[in-house]
A.B. asks: 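Please find one structure pasted underneath; my questions will follow.
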Amino acid sequence: MNELSNVRNIGIVAHIDAGKTTTTERILLYTGKIHHAGDVHDANTTTDFMIQEKEHGITIQSAAISCEWKGCAINIIDTPGHVDFTMEVERSLRVLDGAVCVFCAVGGVQPQSETVWRQADRYNVPRVAFVNKMDRMGADFARVVGELRGKLKANACAIELPIGREESFRGVVDLVRMKALVWDGDGESQGRDFTECDVPPELKDDAELARAELVEAVADLDEGVMEAYLEKGDLDAGELAGAIRRIVIAGKFVPVLCGSSFKNKGVQPLLDAICAYLPAPTDRPPVAATDLKSGEPVARRQDDAEQLTSLVFKIASDPFVGRLFFVRVYGGVLKKGANVFNPRTRKRERIMKIVRLFADARTEVEELRAGDIGAVVGLKETTTGDTLCAEAKPVYLERITAPQPVMFMAIEPKSSADKDKLVDSMAALAAEDPTCQFREDEETGQTILSGMGELHLEILVDRLKREFKCAANVGKPMVSYLETVTAPASADFSFDRELGGKRHAVSLKIEIKPLARGEGRKVSLSREFLNAVPEKNLQNCVEQGLEDGIATGVLARYPMTDIEARCVSATLVDPEVSDDVAFRSAAMMGFREAAEKASPEFLEPIMKLEITTPPESVGEILGDLNGRRGTVLDMDMRGDLQVVHARVPLAKMFGYATAIRSLTKGRASYSMETDQFEIAPKNVREEILGR
């Protein structure tokens with residue numbers, strides 16, 4: 001068993017096609033976990049094991065693997081880079097101690113690079129940067145380091161310099177030790193063999209300048225070595241490495257390395273950097289939790305002796321063992337056969353089996369200790385984001401927030417006999433993936449499947465067909481709008497109905513107000529209401545009624561967001577009549593009445609678009625963007641190519657891949673990610689309401 005200080009829990013994150021999976025494959029090769037490196041194009045990599053990943057040549061689900069390097073146990077999660085699967089990155093970074101951010105030496109900082117960087121910022125994850133594809137035409141290491149500082153506002157500094165570039169790239173200069181590492185070729189050794197030598201004479205001046213910049217940057221951030229730096233004007237390799245580790249763990253510094261994973265160059269120094277600079281669980285601050293009974297914040301040290309505290313961050317279906325619940329243990333020891341407590345459901349669950357993960361392979365173990373990542377089998381009512389803890393001292397950890405789906409499609413079974421099977425299969429997918437949502441439209445009776453984009457929906461339907469043997473008819477993907485309110489309003493609503501021969505009656509005052517864009521939705525009860533209605537079940541009924549109203553909207557039954565709903569007061573008839581049915585119905589209908597007065601509007605998803613094109617095609621592209629209601633943010637040159645940054649409504653991006661190929665004779669490429677939701681223009685509102 002490894003000491004906790006020798007464990008590294010890291011993620012490999014990047015924009016699509018930056019080389020995450022290839023880098024992970026080389027890490028497994030050099031650590032001895034595999035004997036021959038696979039290739040994404042040959043669909044034989046270790047971590048892309050789903051049939052859909054092999055067919056599309058992209059990572060769809062995050063995959064967990066473990067390996068060892070120079071006495072360190074490294075647990076790695078290889079994450080997707082495609083914007084449609086950003087939830088996989090979100091929940092992985094939530095439980096990891098460090099990250100390797102991979103950047104393309106040609107593409108630099110791309111839209112999804114910015115997204116994963118923000119996600120890492122949200123969870124205060126220390127990271128190192130790896131500039132990959134240094135062998136590609138147009139590779140520019142210095143430019144990418146500049147973009148890290150400029151676009152990402154990262155305190156990034158090179159700890160390596162490339163030896164050669166493009167086709168002549170053959171190694172790196174280690175600026176910490178001032179040694180050159182040269183790979184002799186990528187033949188049968190697959191990059192296992194390299195030569196350590198003195199810095200080449202032609203690079204000596206550049207290397208000394210770069211090292212001086214590195215030492216100065218580190219000394220500015222680390223008081224521990226500032227005195228030595230002022231005395232000597234330099235730091236030895238041990239002092240410099242120790243200082244880099246401290247400031248990386250503190251989140252103040254991002255060391256930048258370079259290489260070419262596909263050409264088997266530069267990955268071993270990356271492994272050294274992971275062990276040397278990224279934190280062990282013991283280097284991270286105690287995890288913040290909330291005491292279930294008192295509601296007070298508590299801290300849990302990452303230690304076996306602590307009370308059990310762990311987080312379920314992912315659920316996956318396994319054809320052999322059923323549902324696998326991926327768990328990160330923060331404190332205590334999770335043991336096979338033990339009972340654990342779920343503070344959300346306030347129920348006890350039993351751990352039937354515990355497994356270590358190596359992509360799609362499972363190794364059964366008896367326990368997971370503090371700092372470990374693994375999976376458990378046998379949980380009944382646990383969902384993504386739930387805490388599993390000791391019942392004696394129950395606490396709950398911050399849940400993982402899922403982004404709002406931006407597309408939907410109608411889906412129905414091939415035959416009426418398959419309806420229940422389709423619903424059960426979609427429920428299983430939704431349990432695995434919080435960005436997969438489904439509901440039945442009350443007006444049309446259709447089942448609506450929502451997701452993060454066209455590719456996401458395509459993969460979900462394909463999985464229903466292949467994994468769940470549930471063929472379905474699907475409609476055309478459509479944009480998933482949201483609703484919001486733009487003014488405060490209130491309603492005094494009296495509900496008085498006879499249902500099933502029994503009268504139900506109560507009067508509620510509901511107030512709603514808009515929230516800032518991106519704040520989501522809030523439901524609350526006033527002190528006056530709580531005093532008038534002390535029964536907890538009736539309070540819950542009002543909250544549920546408000547939630548139901550928010551979920552179904554008032555304009556076109558789209559969910560509402562950026563809204564706060566509050567029940568201010570209640571007038572009861574008598575306990576027999578003012579029951580849970582009355583409270584829930586009055587809350588929902590009162591909410592709708594108030595929302596209709598509050599100037600409701602539609603919100604449409606706006607995408608951030610980056611187009612890389614030859615300069616001669618810029619005019620056609622800008623004209624096309626104008627016709628799509630696009631707004632150009634800025635343009636810059638990347639080598640001899642023009643890069644256009646724009647914002648465009650998602651509704652206008654259907655078929656864009658075909659359009660841009662036609663406009664540029666196939667020479668341009670683009671990538672996009674969700675930026676935010678904005679109020680839809682009047683013509684779009686009329687179009688939606690006229691459907």
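Below, each value reflects all heavy atoms present in this structure, side chains not excepted, and no hydrogens, waters or symmetry copies.
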A.B. asks: Side chains of Lys414 and Asn473: is there a donor and an acceptor less than 3.5 Å apart?
C.D. replies: yes
A.B. asks: With sequence neighbours left out, write down each residue that passes ring-ring contact (aromatic ring centres under 6.0 Å, His included) with Tyr656, or none if nothing qualifies.
C.D. replies: Tyr670
A.B. asks: Would you say that Glu620 contacts Thr664 through its side chain, given a criterion of any heavy-atom pair below 4.5 Å between the two side chains?
C.D. replies: no
A.B. asks: Take the angle between the ring planes of Tyr558 and Phe602 and call it parallel below 30°, perpendicular above 60°, tilted in between.
C.D. replies: perpendicular
A.B. asks: Could you tell me if the side chain of Phe408 sits less than 4.5 Å from the side chain of Leu449, heavy atoms only?
C.D. replies: no
A.B. asks: Do Ile10 and Leu96 come close enough that some side-chain heavy atom pair is under 4.5 Å?
C.D. replies: no
A.B. asks: Is it true that Lys314 and Glu432 have a side-chain N and a carboxylate O under 4.0 angstrom from each other?
C.D. replies: no
A.B. asks: Between Lys20 and Glu25 (salt bridge meaning N to carboxylate O under 4.0 Å), is one present in this structure?
C.D. replies: no
A.B. asks: When you measure from the side chain of Arg592 to the backbone of Gly553, do you find a donor-acceptor pair of N or O atoms at a distance under 3.5 Å?
C.D. replies: yes
A.B. asks: Are side-chain heavy atoms of Met426 and Leu464 found at a separation under 4.5 Å?
C.D. replies: yes
A.B. asks: Find the distance between CG (Leu270) and CD1 (Ile274) and round it off to the nearest 0.5 Å.
C.D. replies: 4.5 Å
A.B. asks: Donor-acceptor pair, distance only, cut-off 3.5 Å: does the side chain of Arg94 make one with the backbone of Glu398?
C.D. replies: yes
A.B. asks: Give a yes or no on whether a salt bridge exists between Arg143 and Glu147, defined as a side-chain N under 4.0 angstrom from a carboxylate O.
C.D. replies: yes
A.B. asks: In this structure, are over 12 heavy atoms from other groups packed under 6.0 Å from Lys151 atom NZ?
C.D. replies: yes
A.B. asks: Taking atom CZ of Arg26 and atom NZ of Lys263, what is their separation to the nearest 0.5 Å?
C.D. replies: 11.0 Å
A.B. asks: Mind checking the OG-CG spacing from Ser168 to Asp135? Nearest 0.5 Å is all I need.
C.D. replies: 10.0 Å
A.B. asks: Charged N to carboxylate O below 4.0 Å: is that the case for Arg647 and Glu678?
C.D. replies: yes
A.B. asks: Hey, does Ile512 have a side-chain heavy atom less than 4.5 Å from the side chain of Phe591?
C.D. replies: yes
A.B. asks: Does atom CE of Met637 have more than 12 heavy-atom neighbours, drawn from other residues, nucleotides or ligands, at distances under 6.0 Å?
C.D. replies: yes
A.B. asks: If we only count heavy atoms from C-beta on, is the Val13 to Val100 side-chain gap below 4.5 Å?
C.D. replies: no
A.B. asks: Does either side chain, that of Thr23 or that of Ser261, offer a donor lying less than 3.5 Å from an acceptor on the other one?
C.D. replies: yes
A.B. asks: Are Arg127 and Trp117 in a cation-pi contact, defined as NZ or CZ under 6.0 Å from the six-membered ring centre and within 45° of the axis?
C.D. replies: yes
A.B. asks: Taking only Lys NZ, Arg NE, NH1 and NH2, and the carboxylate oxygens of Asp or Glu, determine whether Arg557 and Glu483 approach each other closer than 4.0 Å.
C.D. replies: no
A.B. asks: How would you list all residue pairs meeting side chain to side chain donor-acceptor pair (under 3.5 Å) that involve residues 594-615, not counting sequence neighbours?
C.D. replies: Glu601-Arg685, Glu604-Arg629
